[in-house]
Colleague: 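Take this structure, written in structure tokens, and hold onto it; I'll ask about it next.
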Amino acid sequence: MKIKILVLLFLVSSLSFGQDNDKISTLDFVQILNDNKEEIVFYYQNNWKILREMAIDKAYIDSFQLLETSFTEEAPFHFILITTYLNKAQYDLREERFTELIKEKGDLKLLNDKKPKEFRKILFNKENVKHL
């Protein structure tokens with residue numbers, strides 16, 4: 001229930017009155033595993049964020065946000081990752097374009113020998129979230 005409220009609040013905050021809005025977002029709700037906060041922050045700052053900065057430079061996405069939130073029983077995650085596309089055309093090309101950017105960026109950067117599955121869990125992902 002709380003997660004639905006968070007998604008609704010995000011959508012309401014994106015309201016654009018009096019004009020059409022073609023933006024589409026994806027949202028990931030991520031939990032830290034085994035108290036590996038340093039690993040997860042390093043991972044997102046040096047991989048996820050870098051890829052999105054590259055995507056903005058190439059006009060592949062409109063914007064992105066990496067949000068930290070308090071873990072609760074009702075909302076058992078620590079981070080919300082949001083990638084926003086200007087329109088359906090950008091959104092439809094997302095896999096192809098991020099594959100290109102991943103190749104361009106090179107090797108995954110990790111804080112230590114721990115792999116992502118050891119320090120993070122994506123609880124759920126919401127695709128094709130339309131902005132009103």
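Reckoned from all heavy atoms, side chains included, excluding hydrogens, waters and symmetry mates. All residue numbers in this chain count up from 1 along the given sequence.
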Colleague: What pairs with Glu118 under salt bridge (charged side-chain N to carboxylate O under 4.0 Å, His left out), at least two apart in sequence or on another chain?
Modeller: none

Colleague: For the hydrophobic clusters of this structure (ILVMFWY residues joined by side-chain heavy atoms under 4.5 Å, transitively), does one cluster hold both Leu27 and Tyr85?
Modeller: no

Colleague: Show me the donor-acceptor pairs, under 3.5 Å and distance only, between side chains in residues 55-62 and residues at least two apart or in other chains.
Modeller:
from, atom 1, to, atom 2, distance (Å)
Lys58, NZ, Glu100, OE2, 3.3
Lys58, NZ, Glu104, OE1, 2.9
Tyr60, OH, Glu100, OE1, 3.1
Tyr60, OH, Glu100, OE2, 2.8
Asp62, OD2, Lys23, NZ, 3.0

Colleague: Give a yes or no on whether Phe64 and Ile122 share a hydrophobic cluster (residues Ile, Leu, Val, Met, Phe, Trp, Tyr; joining criterion: side-chain heavy atoms under 4.5 Å apart).
Modeller: yes

Colleague: Would Thr84 and His131 satisfy side-chain contact (heavy atoms from CB on, under 4.5 Å), going step by step from the backbone distance to the final call?
Modeller: CA-CA 9 Å; Thr84 300; His131 295 235; 3.8 Å; yes

Colleague: Among Leu123, Ile40, Thr69, Ile32, find the residue that satisfies the side chain to side chain contact (heavy atoms under 4.5 Å, CB included) test when tested with His78.
Modeller: Ile32

Colleague: Mark yes when over 12 heavy atoms from residues, nucleotides or ligands other than Lys121 sit less than 6.0 Å from its NZ; otherwise mark no.
Modeller: no

Colleague: Any side-chain heavy-atom pair from Asn112 and Glu38 closer than 4.5 angstrom?
Modeller: no

Colleague: With side-chain contact (heavy atoms from CB on, under 4.5 Å) as the criterion, how do Phe98 and Met54 come out once you've worked through the C-alpha distance, each side chain's angles and the decisive distance to 0.1 Å?
Modeller: CA-CA 9 Å; Phe98 274 106; Met54 293 168 66; over 6 Å; no

Colleague: Let me check something: do Ile24 and Phe124 share a hydrophobic cluster, defined by ILVMFWY side-chain heavy atoms less than 4.5 Å apart, either directly or through other members?
Modeller: no

Colleague: Side chains of Pro76 and Phe71: closer than 4.5 Å at any heavy-atom pair?
Modeller: yes

Colleague: Test of understanding: with side chain to side chain donor-acceptor pair (under 3.5 Å), list the residues that count as partners of Lys88, not counting sequence neighbours.
Modeller: Asp92

Colleague: I'd like to check the ring-ring contact (aromatic ring centres under 6.0 Å, His included) partners of Phe79; sequence neighbours left out, ordered by chain and number.
Modeller: none

Colleague: Are Phe77 and Tyr44 linked, directly or through intermediate hydrophobic residues, by side-chain heavy-atom contacts shorter than 4.5 Å (ILVMFWY only)?
Modeller: no

Colleague: Is any side-chain heavy atom of Asn47 less than 4.5 Å from a side-chain heavy atom of Pro116?
Modeller: no

Colleague: Cluster partners of Phe42, using ILVMFWY side-chain heavy atoms under 4.5 angstrom, listed by chain and number?
Modeller: Leu111

Colleague: Quick check: does any side chain N or O of Arg94 sit under 3.5 Å from a backbone N or O of Tyr91, one acting as donor and the other as acceptor?
Modeller: yes

Colleague: Which salt bridge (Lys or Arg N to Asp or Glu O under 4.0 Å) pairs, counting each pair once, include a residue from residues 106-117, with sequence neighbours left out?
Modeller: Glu39-Lys114

Colleague: Run the side-chain contact (heavy atoms from CB on, under 4.5 Å) test on Gln45 and Leu66 for me, step by step, so that the C-alpha distance in whole Å, both residues' side-chain angles and the decisive distance to 0.1 Å come before the verdict.
Modeller: CA-CA 9 Å; Gln45 292 288 337; Leu66 174 57; 3.9 Å; yes

Colleague: Can you name the closest pair of heavy atoms from Glu95 and Thr99 and give their distance?
Modeller: O-OG1, 2.8 Å

Colleague: Is the shortest side-chain heavy-atom distance between Asn36 and Tyr43 below 4.5 Å?
Modeller: no

Colleague: Same cluster or not: Trp48 versus Leu108, using hydrophobic residues (I, L, V, M, F, W, Y) connected whenever any side-chain heavy atoms lie under 4.5 Å apart?
Modeller: yes

